[in-house]
Amino acid sequence: MLPKKVEELCNRQIEREGYSSNLYLAMASWAENKGMAGIAGWLYVQAEEERGHMLKFIKYVNERGGAAAVPAFKQPPVKYKGIHEMFKEVLKHEQFITVSINDVLEAAMADKDHATVNWIQWFVKEQVEEENSVQIILDKLDLAGEHGLYFLDRDIISARG
Ligand SMILES: [Fe+2]
Ligand SMILES: [Fe+2]
């Protein structure tokens with residue numbers, strides 16, 4: 001049986017992963033309208049992945065005898081200041097998610113819930129990869145500058161995942 005506190009934090013995580021999915025979908029749509037097909041494509045893929053993360057949490061909570069709830073999601077921003085600013089937001093958001101995943105892990109440790117401690121390792125690793133892939137894009141954006149954005153966008157098409 002999932003400890004109450006762990007169940008609560010897993011449900012909080014369901015909302016956060018679902019919001020991440022919608023946030024990246026909103027960013028993808030905005031980038032697409034700006035003619036940034038590569039970046040939009042990368043963000044659409046991220047949106048799918050985040051939905052997958054939400055599903056993992058829903059299924060895990062139910063599997064452990066808890067009750068997973070699908071919440072309402074707040075609307076993500078419709079407009080962004082620019083590609084660079086948008087990716088800074090993505091990095092900030094992923095760092096926030098990392099802290100949030102660690103909260104679940106720490107609650108599981110405190111409650112000696114070894115099953116969750118073990119299960120959530122996948123997310124711990126995933127967050128390292130996610131923060132890193134966003135940092136790589138930010139580094140490329142710094143290198144490319146405003147004028148290189150077109151080529152960077154084409155570069156990202158071949159670097160999805
Ligand atoms: Fe996620
Ligand atoms: Fe993520």
Side-chain angles (χ1 to χ4, degrees), residues 2 5-32 36-64 66-109 113 115-142 152-153 155-161:
L2 207 54
K5 178 74 186 165
V6 177
E7 182 185 3
E8 236 174 74
L9 289 178
C10 282
N11 268 307
R12 186 181 77 171
Q13 200 61 30
I14 289 168
E15 191 277 330
R16 290 182 174 177
E17 299 291 346
Y19 177 76
S20 302
S21 181
N22 287 348
L23 175 65
Y24 297 158
L25 204 51
M27 288 174 168
S29 177
W30 178 83
E32 191 164 61
M36 297 279 126
I39 285 166
W42 188 88
L43 286 160
Y44 279 125
V45 171
Q46 294 306 306
E48 279 304 308
E49 281 189 14
E50 299 300 352
R51 186 182 150 74
H53 296 169
M54 174 175 67
L55 286 173
K56 271 182 196 281
F57 270 96
I58 289 173
K59 292 186 172 173
Y60 180 70
V61 169
N62 290 335
E63 191 188 344
R64 293 288 314 283
V70 178
F73 299 106
K74 87 171 188 260
Q75 190 185 358
V78 174
K79 287 182 182 151
Y80 299 88
K81 280 198 199 111
I83 297 289
H84 206 159
E85 289 82 353
M86 188 182 75
F87 273 97
K88 277 194 204 154
E89 283 302 311
V90 173
L91 183 61
K92 236 174 65 189
H93 185 71
E94 287 300 334
Q95 287 165 341
F96 163 73
I97 294 294
T98 299
V99 171
S100 181
I101 292 286
N102 288 343
D103 288 344
V104 182
L105 172 58
E106 283 158 28
M109 286 165 79
D113 175 9
T116 300
V117 170
N118 181 51
W119 176 79
I120 207 156
Q121 296 307 316
W122 185 89
F123 280 94
V124 173
K125 189 162 164 268
E126 173 73 7
Q127 283 312 114
V128 173
E129 284 167 17
E130 299 234 303
E131 283 190 31
N132 183 245
S133 62
V134 178
Q135 189 58 62
I136 287 169
I137 292 176
L138 274 170
D139 291 345
K140 284 186 180 186
L141 280 166
D142 283 339
L152 173 74
D153 187 63
D155 185 46
I156 283 176
I157 290 180
S158 56
R160 253 176 234 173

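Remember, it's 1-based here, ligands and their atoms both numbered in the order they're listed.
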Any N/O/S atom from E126 (main chain or side chain) under 2.8 Å of the Fe ion (ligand 2)? no

Can you say whether the rings of F123 and F57 are parallel (under 30°), tilted (30 to 60°) or perpendicular (over 60°)? tilted

The Fe ion (ligand 1) to H53: nearest N/O/S atom name: ND1

Are side-chain N/O atoms of E32 and Y44 paired as donor and acceptor at under 3.5 Å? yes

So, is E49 placed with an N/O/S atom under 2.8 Å from the Fe ion (ligand 2), counting both backbone and side chain? no

According to the interplanar angle, ranging from 0 to 90°, do the rings of Y24 and H93 count as parallel (below 30°), tilted (30 to 60°) or perpendicular (above 60°)? perpendicular

Does the shortest distance from the Fe ion (ligand 1) to an N/O/S atom of E94 fall below 2.8 Å? no

Identity of the N, O or S atom of E50 lying closest to the Fe ion (ligand 2): OE2

Spell out, as yes or no, whether a donor-acceptor pair under 3.5 Å connects the side chain of S29 to the backbone of L25. no

Any sub-3.5 Å donor-acceptor pair from S100's side-chain atoms to F96's backbone N or O? no

Does the distance from a Lys or Arg side-chain N to an Asp or Glu carboxylate O, for R12 and E15, drop under 4.0 Å? no

Please confirm if an N, O or S atom belonging to E17, backbone or side chain, lies less than 2.8 Å from the Fe ion (ligand 2). no

The Fe ion (ligand 2) is nearest to which N, O or S atom of E130? OE1

